[in-house]
Participant: 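Have a look at the structure that comes next, please.
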Amino acid sequence: MAGDHRAGPGAAATRARHRGSYDDARTVVMRDLLLSVVSALTSQSGREQLDIIDAGGGTGGFAVPLAGPGHRVTVIDPSPDSLAAAQRRAAEMGVSLRAVQGDAADLVGLAGAESADLVLCHSVLEYVDSPAAAMAAIARVLRPGGTVSVLAASAVAAVIHRALAGRFDEARRLLAGLGGAATEPPADAARRFTLAEVAGLLEDAGLRPGTAHGIRVFADLVPGIFADADPAAADALLALERSASAQPAFHDLATQFHVLGYR
Ligand SMILES: C[S@@+](CC[C@H](N)C(=O)[O-])C[C@H]1O[C@@H](n2cnc3c(N)ncnc32)[C@H](O)[C@@H]1O
């Protein structure tokens, strides 16, 4: 548009950058958390290369970037298609990745007891047959001093999101099931958890629950259109997301929460 200061290739690049900030608001907290976990483990162990297992690592979205700096990363997942995609992704990035087909509950047989400095268990407890059995296996493959990084879908956020979408009966049904995910098998959908439930799973497996963060506290509640309509809002959302993620009152309100467990 003539005279429109937003028109032209420069404006498109600016919009793309702000769209990037909006997308970052959904991912950046998690990325920063993993970097700080890896950095703590390398300084604590005195080893630059860690042994990392991504249990239910899927297509390698978390595993491949961790393999980049030279850590020995193994993705364990029951899906051969996902493992093949993870290996393609690793090859494209020029990094080496071990891919093993299997179930999280069988980690000890697949990877060996006390073989890992770090285990990722991201968006997996939702699908396994038994979250308690998976967590017990994770605890056994961790070395003393090792850490598990758990990312889980929030049961509280699921209620809020249904209610905001006007699906009130569904919200009430989810509300009635709050607090039962760690013991009940999933009915027709993936499990969702409260932070207290996941902390309980960690403790029952002999691990010490550590710092928790809310992931996507607000990013899933605001329309993406903000990023284009008001570019400054994307940066402000990112700053808000960073601040809110560490506030305990917001942990269960976020779409997902992240919690560390220490052996
Ligand atoms: C939502 S995806 C998460 C993938 C990856 N962790 C991430 O965060 O991008 C769930 C993954 O769990 C895997 N999965 C399902 N059941 C599993 C089990 N019993 N043990 C290990 N992984 C399992 C699926 O194959 C899938 O790759």
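Indexing begins at 1, ligand by ligand and atom by atom, following the structure's order.
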Participant: If the threshold is 4.0 Å, N to carboxylate O, is there a salt bridge linking Asp169 and Arg162?
Facilitator: no

Participant: Assess, by modelled atom type and distance only, whether the side chains of Ser115 and Arg143 contain a donor and an acceptor separated by less than 3.5 Å.
Facilitator: no

Participant: Please list, one pair per line, the donor and acceptor atoms closer than 3.5 Å that link side chains of residues 202-212 to other protein atoms, with sequence neighbours excluded.
Facilitator:
none

Participant: Can you tell whether the side chains of Arg140 and Glu114 come within less than 4.0 Å, N to carboxylate O?
Facilitator: no

Participant: Hey, can you tell me if His213 and His258 have their rings parallel, tilted or perpendicular (30° and 60° cut-offs)?
Facilitator: tilted

Participant: Would you check ligand 1 and list the protein residues that come within less than 4.0 Å of it by any heavy atom, ordered by chain and number?
Facilitator: Gly56, Gly57, Gly58, Phe62, Asp77, Pro78, Ser79, Asp103, Ala104, His122, Ser123, Val124, Tyr127, Val128

Participant: Give a yes-or-no answer on whether the side chains of Gln256 and Ser154 include a donor-acceptor pair shorter than 3.5 Å.
Facilitator: no

